[in-house]
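Residue numbering restarts at 1 for every chain, and letters A, B, ... go by the order of the sequence lines. Since this is a predicted model, take the numbers as computed values, not measurements.
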2 protein chains.
Amino acid sequence: MLEEYGKTLRMVRKQKEITLKQLADGICSISFLSKFERGESDITLGLMTKILEKLMMNFDEFLYIHHDFQPDKLQQFFSAASTAYLNRDVKHLKQLKNEQLKKWKQYSVETYHYNALLIEVYQSIVDKDYIEVGVQENEILLLSDYLFRVEIWGYYELTLYNGTLLLLQPEMVILLSRTAYEKSARFRDYRKVNNAITSVLFNTIIYLLGPVNRFHEEFLYQREFSEFISYLEEITIPESNLMERLHLLQLKGAYDIRTDNKEEGTVKVRQAIQLLHDLDSTRLAINLEKYLLQII
Amino acid sequence: MLEEYGKTLRMVRKQKEITLKQLADGICSISFLSKFERGESDITLGLMTKILEKLMMNFDEFLYIHHDFQPDKLQQFFSAASTAYLNRDVKHLKQLKNEQLKKWKQYSVETYHYNALLIEVYQSIVDKDYIEVGVQENEILLLSDYLFRVEIWGYYELTLYNGTLLLLQPEMVILLSRTAYEKSARFRDYRKVNNAITSVLFNTIIYLLGPVNRFHEEFLYQREFSEFISYLEEITIPESNLMERLHLLQLKGAYDIRTDNKEEGTVKVRQAIQLLHDLDSTRLAINLEKYLLQII
DNA sequence: TGTAAAATTGTCATATAGTGGAATTTTTTC
DNA sequence: GAAAAAATTCCACTATATGACAATTTTACA
């Protein structure tokens, strides 16, 4: 069968005008490298690491090229799910869910179960006819149980949680988001994962400000609001993350409005809207205006 | 020797509460997976790919964990170089250069030569006593020759070029930057590489506006300026890339100023400064003000 | 606490990753 | 355009990645 990574390697090597001898030197034999490049043998992870290092290329970029400039499977799964969700494409969502359920049955690895659950959450939001709320409850608990148990949250856990957060109880969200922040700390310097953390924090704050306690007179989660804002401020240190900073401004405004500080809050949100207009991000500006009208 | 990736894999697998059997199922035998995880065998790239896929994790994240949450060697090289450059740490720069030269001699792979060159460029900017300009000229040409020959520019080529661009002749920069834009097109959806492209385009425009033709009465590169701005506008489509959008605004302002449209230009740059202040990016705002004073 | 079931490890067989050097092809050089 | 040099492939051989199944350890459950 053989995935023929070697052929991609040969292409890259030729590009960089490096000979078999030069690349193999100190790593493996010339003849073997040739064999691998011709697709007549697989290669050990250890050797491949050294080879890519010499080529000044990392694994993901290499695999991206190998798969004809397509993102990896993990990425594809999350993109496919969120695209189908945004397009309200119920059919596609169902199909994606079935794929994951099938794998779950086949290997009984819970991960696939969680994946199916994520899509079920999307489905339940998009599809009005979908009323099997009872079924979900238990399953959602399974998911949050898992998230509590994991010691280190990576890209997968963060993205999974981000997608299902809306259906959880507020106490649960507060605890889990705090956990997410703490247990992903070691990824603070890994851009991709760190973006996922930021995303979780923003969604948590939005959740607290919005849907949860729309019907309460007073705002219940003042302390938590400050807590998560402070996490964000700690993470979003780079001055150049303007979008995140603007988002922060917006949420502070929304908070003011929610806690009967309407004037001050409106000023902040309007300022954010103006900033977006100044930078020609018109669609975002319009969305934010809608949001403002909604919360006033 | 064996890099013992297996031990990291075991950790990740335990985290996700997956058994050997479940993970191995359909990929390899249980006993082999166990052996690999105990560090008693290396593994084939093909198998590893399938295993990570099942764990919903990509290679880079896995290797990041494996190397105790340190970025990969490629990343480390560029960070080390640029940090030493920003800190004007001549000693460290020299050390880094020698490392690369040593590898160059050892394997006679030109890549290491280019790496050394990049650092030499940094060195020549930082170290006033460094006057061996003659030596560089030829070597810099070697580098640009290489860049012209490569068919696909990846993260390495883009970052390398970005660092050495300042020392090239304007005609060369224009040609190479255009090449960079065209030959990296297939990475348009790969965030990391795409950021590098954006960075190249910005630096090109800054170069055209600034250092090159400071002493000419009229601005020579109007057409090229528009060309590269249009590339940026094509790339920077996502409305949420505020920093890039702000940067664009700034450069348009600088262009106006350079082409005797002082008032209009100053307004644009001042607007950019104000935006930064609004978002508490004070240091960036101050830098931009300095820049403005300099070009007026 | 003992026992059954599940999960992991050990043992040995074999397929294949990887080596050294000769043979062939490609590139360079005059 | 032929000879020399460099790069690659072929071939016979060795080391090790991987599989089948038995033995052992760990976990679950009464």
Check every strand shown and say whether B:S34 touches a base, only sugar-phosphate, or nothing at a heavy-atom separation below 4.0 Å. base

Indicate, with yes or no, if the rings of B:F187 and B:Y155 have centres closer together than 6.0 Å. no

Could you give the CZ-to-P distance, from B:F36 to C:dT9, as a whole number of Å? 14 Å

Side-chain heavy atoms of A:Y114 within contact of A:Q100, under 4.5 Å: no

B:R188 NZ/CZ over B:Y231 ring centroid, <6.0 Å and within 45° of normal: no

At under 4.0 Å between heavy atoms, what does A:L33 touch on the DNA or RNA strands: base, sugar-phosphate, or nothing? nothing

Whole angstroms only, please: what is the CD-P distance between B:E37 and C:dT8? 8 Å

Below the 4.0 Å mark, does C:dG10 have OP1 or OP2 next to a side-chain nitrogen or oxygen of B:R38? yes

Taking 4.0 Å as the cut-off, does a side-chain nitrogen or oxygen of B:K14 come that near to OP1 or OP2 on C:dT8? yes

For B:F32 and C:dT14, what is the distance between atoms CZ and P respectively, to the nearest whole Å? 19 Å

Specify the separation, in whole Å, of atom CD of A:E40 and atom P of C:dA15. 19 Å

What's B:S31 touching, base or sugar-phosphate or nothing? Going by heavy atoms closer than 4.0 Å. base

B:I18 CD1 - C:dA7 P separation (whole Å): 13 Å

Minimum-distance nucleotide (side-chain atoms of B:R10 versus C:dG10, C:dT8, C:dA17): C:dT8

Tell me, please, the opening and closing nucleotides of DNA chain D, 5' to 3', among those with an atom under 4.0 angstrom from a non-hydrogen atom of chain B. D:dA17 to D:dC21

Hey, what's the ring geometry for B:Y85 with B:Y122, parallel, tilted or perpendicular (30° and 60° as the breaks)? parallel

On DNA chain C, more 5' by nearest nucleotide between B:I30 and A:D42 is B:I30

When only distance counts, do a donor and an acceptor, one from the side chain of A:S29 and one from the base of C:dG18, lie under 3.5 Å apart? no

Given the side-chain rings of A:W153 and A:Y181, with only the six-membered ring counted for Trp, is the space between their centroids under 6.0 Å? no

Walk me through whether B:H113 and B:E110 qualify under side chain to side chain donor-acceptor pair (under 3.5 Å). CA-CA 5 Å; B:H113 189 188; B:E110 280 300 305; 2.9 Å; yes

A:K35 NZ to C:dG21 C1', straight-line distance once rounded to whole Å: 15 Å

Within this structure, what is the CG-to-C1' distance between A:L20 and C:dT19, rounded to whole angstrom? 15 Å

Do any N or O atoms from the side chain of A:S108 and from the backbone of A:W104 form a donor-acceptor pair under 3.5 angstrom? no

